[in-house]
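Throughout, residue positions are numbered sequentially from 1 according to the sequence presented. Below, all heavy atoms of this structure are taken into account, side chains as well, without hydrogens, waters or symmetry copies.
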Amino acid sequence: MRLFHLITVATLLLAACNNGAVTPHKKATEKRSATVEKNDKERFLGETVMSYWDSYNFADTAAGNIAEGEQRFSNFLMLLNYTDSAIASSAIGSYIKRGYAKRELRGRYDALIRHYLDNPESPMRNDAVYAHFLRCQLACLTTDEAAARSRIEFKLQLVTKNLPGSIATDFRHIDRKGNVSTLHATESPLTLVIFNDPECENCKRIIPQLKREPLLNIPEVKVLMIYPDENTECWKSQQANMPEGWTDAYSPEGEITGKQLYHTPAMPSLYLLDSEKRIILKDAHPEVVKMAIKNILTEGAVN
């Protein structure tokens, strides 16, 4: 019995040592393991995207091969969303050289890229990724393709505006009471800018859903509903009840659209910003915005 008692005490002491006295070492070990695991995943992802197209025949025009290529392209874009920017750029460059760079294949691959990355209704849209494609496309063009170069350069200028990680371009706005303010004057841990058009069918469907969303009606999130165009009479005639704490405003003289301060290919267009007005999400789907806000609040990553 005494032996059992000693063994039990020893076991408890050992457990206490393992869980108590060496906690800093244990935490450091766990942190190193997590870092190694993260690096391994990033390395594997990088190798995957770099070799992703090695087995695909870009020149095969058979319907089955084209369909396979489109499915592969969709999956490729998904992987790029989680890939280091430099590796993503290199992988995209490899893709462009194999398909788009060849004059006889250019139309086919240009259409595919635009369908997934330039279509406002595409769930795969990601301007940071699209910018990589556009730069690689420009590098392939010859001197006799001036029209294509002009189109791509203009598109590149638009999609690189206000990318995630950058400080959002400031703008003036006037609310329903005639108060004039600016985006950067808004004080809040999180700011959601919703570029909205009262006559837009998508807006009529989505905005009521956003108004009812609990995460968009809390003190940590300030919502700015902004009409960016110059037809202020349209905005004034469509006054709608806003949740308490929301700001419903318009851009004076349509500066946002007129000066192309923001790229809004379709509305509503949602931008999530942090307390410093640094862009967290650009032109994001409402569900993605809600998920991001929930994660930020859960992690306590608000100032």
Value for CD1 (Ile280) from CG (Asp274), rounded to nearest 0.5 Å, stands at 5.0 Å
Side-chain heavy-atom pair Ile96, Tyr109 within 4.5 angstrom cut-off: no
Heavy-atom pair with the smallest gap, counting every atom of Gly46 and Ile87: CA-CG2, 3.9 Å
Counting N and O atoms only, with roles assigned by atom type, does the side chain of His263 sit under 3.5 Å from a partner on the main chain of Asn162, one being a donor and the other an acceptor? no
With Asp118 via side chain to side chain contact (heavy atoms under 4.5 Å, CB included) - residues at least two apart: Arg114, Tyr130, Lys155
Show the nearest heavy-atom pair for residues Trp246 and Asn217, with the distance to one decimal. NE1-OD1, 3.4 Å
Hey, mind stepping through Ile207 and Lys211 against side-chain contact (heavy atoms from CB on, under 4.5 Å) and telling me if it holds? CA-CA 6 Å; Ile207 298 303; Lys211 290 180 182 179; 3.7 Å; yes
Just how far is it from atom CE of Met225 to atom CD1 of Ile194, taken to the nearest 0.5 Å? 4.5 Å
Examine Leu224 and Ile174 and state if one hydrophobic cluster contains both, with Ile, Leu, Val, Met, Phe, Trp and Tyr joined whenever side-chain heavy atoms are less than 4.5 Å apart. no
Do Leu117 and Leu77 come close enough that some side-chain heavy atom pair is under 4.5 Å? yes
Closest non-hydrogen atoms of Asp175 and Lys177, given as atom of the first, atom of the second and distance, are OD1-N, 2.9 Å
Ignoring hydrogens, what is the shortest heavy-atom contact between Val289 and Leu281? Give both atom names and the distance. CA-CD1, 3.8 Å
Same apolar cluster: Val223 and Leu190, side chain cutoff 4.5 Å: yes
How many angstroms lie between atom CG of Asp197 and atom SG of Cys203, to the nearest 0.5 angstrom? 6.0 Å
Quick check: is Ile113 connected to Val49 through a chain of hydrophobic side chains (ILVMFWY, heavy atoms under 4.5 Å apart)? yes
Provide the closest heavy-atom pair for Leu270 versus Leu192 in the form atom of the first, atom of the second, distance. CB-CD1, 4.1 Å
Step-by-step side-chain contact (heavy atoms from CB on, under 4.5 Å) determination, Leu156 to Gln137: CA-CA 11 Å; Leu156 181 60; Gln137 286 177 282; over 6 Å; no
Side chains of Asn202 and Glu121: does their closest heavy-atom pair fall under 4.5 Å? yes
Is it true that a side-chain atom of Ser89 and a backbone atom of Ala86 form a donor plus acceptor pair closer than 3.5 Å? no
Just wondering, more than 12 heavy atoms not from Lys204 lying within 6.0 Å of its NZ? yes
Nearest 0.5 angstrom please: Leu134 CG to Phe154 CZ, how far? 12.0 Å
Start with the C-alpha distance between Arg98 and Asp54, add both sets of side-chain angles, then the distance that settles side-chain contact (heavy atoms from CB on, under 4.5 Å), and finish with yes or no. CA-CA 10 Å; Arg98 300 181 193 206; Asp54 287 355; 2.8 Å; yes
Can you list the steps and then say if Tyr95 with Tyr52 is a ring pair (Phe, Tyr, Trp, His ring centres under 6.0 Å)? CA-CA 9 Å; Tyr95 172 83; Tyr52 190 82; 9.2 Å; no
Please determine whether side-chain contact (heavy atoms from CB on, under 4.5 Å) holds for the pair Ile92 and Arg135, giving the CA-CA distance in whole Å, both sets of side-chain angles, and the decisive distance to 0.1 Å. CA-CA 10 Å; Ile92 291 167; Arg135 292 189 185 99; over 6 Å; no
Is any side-chain heavy atom of Ile218 closer than 4.5 Å to one of Leu297? yes
Check for a donor-acceptor pair, side chain of Asp248 on one end and backbone N or O of Arg176 on the other, with a separation under 3.5 Å. no
Residue list, ring pair (Phe, Tyr, Trp, His ring centres under 6.0 Å) with Tyr100, at least two apart or on another chain: none
With a 4.5 Å heavy-atom cut-off, do Ile279 and Leu163 have their side chains touching? no
I'd like to know whether CD of Glu253 has more than 12 heavy-atom contacts from other residues, nucleotides or ligands below 6.0 angstrom. no
Shortest non-hydrogen contact from Ser188 toward Glu220: OG-O, 3.3 Å
Does the distance from a Lys or Arg side-chain N to an Asp or Glu carboxylate O, for Glu145 and Arg103, drop under 4.0 Å? yes
Please check if the side chain of Arg172 supplies one atom and the backbone of Thr182 the other of a donor-acceptor pair under 3.5 Å. no
Atom CD of Glu104 with >12 non-hydrogen neighbours under 6.0 angstrom: yes
Pairwise side-chain contact, Thr257 with Ser251, heavy-atom cut-off 4.5 Å (strictly under): no
Would you say the side-chain atoms of Asn126 and Asn81 include a donor-acceptor pair closer than 3.5 Å? yes
May I ask you to decide if the ring planes of Phe76 and Trp53 are parallel, tilted or perpendicular, using 30° and 60° as cut-offs? perpendicular
Counting only N and O atoms by type, is there a donor-acceptor contact under 3.5 Å from the side chain of Asp229 to the main-chain atoms of Asn231? no
With distance as the sole criterion, is a donor-acceptor pair present between the side chains of Lys222 and Thr247 under 3.5 Å? yes
Are the side chains of Leu215 and Lys294 in contact, using a 4.5 Å heavy-atom criterion? yes
State plainly whether one hydrophobic cluster holds both Ile167 and Leu273, where clusters connect Ile, Leu, Val, Met, Phe, Trp and Tyr through side-chain heavy atoms under 4.5 angstrom apart. no
Would one find more than 12 heavy atoms of other residues, nucleotides or ligands at under 6.0 Å from atom CD of Glu213? yes
Going by atom types only, do Tyr116 and Glu70 share a side-chain donor-acceptor pair under 3.5 Å? yes
Whether the side chain of Ser150 engages the backbone of Ala146 through a donor-acceptor N/O pair (distance < 3.5 Å, no angle test) should be reported. no
Given the rule in the ring pair (Phe, Tyr, Trp, His ring centres under 6.0 Å) test, do Phe73 and Phe133 qualify, once you have shown the distances and angles that lead to the verdict? CA-CA 12 Å; Phe73 186 72; Phe133 275 92; 5.7 Å; yes
Under 3.5 Å: donor-acceptor pair, side chain of Lys282, backbone of Val159: yes
Val288, Leu216: one ILVMFWY side-chain cluster at the under-4.5 Å cut-off? yes
Under a 3.5 Å cutoff, is there a donor and acceptor pairing between the side chains of Thr61 and Arg108? no
Separation between CG of Asp170 and NZ of Lys277, rounded to the nearest 0.5 Å: 9.5 Å
Treating Asn65 as the side-chain partner and Asp60 as the backbone partner, does any N or O pair qualify as donor plus acceptor under 3.5 Å? yes
Assess the side chains of His132 and Ser85: does a donor N or O sit below 3.5 Å from an acceptor N or O? yes
Could you grab the distance from atom CD of Glu255 to atom CD of Glu230, nearest 0.5 Å is fine? 11.5 Å
Taking the side chain as everything from C-beta on, heavy atoms only, tell me whether Ser55 gets closer than 4.5 Å to Arg72. yes
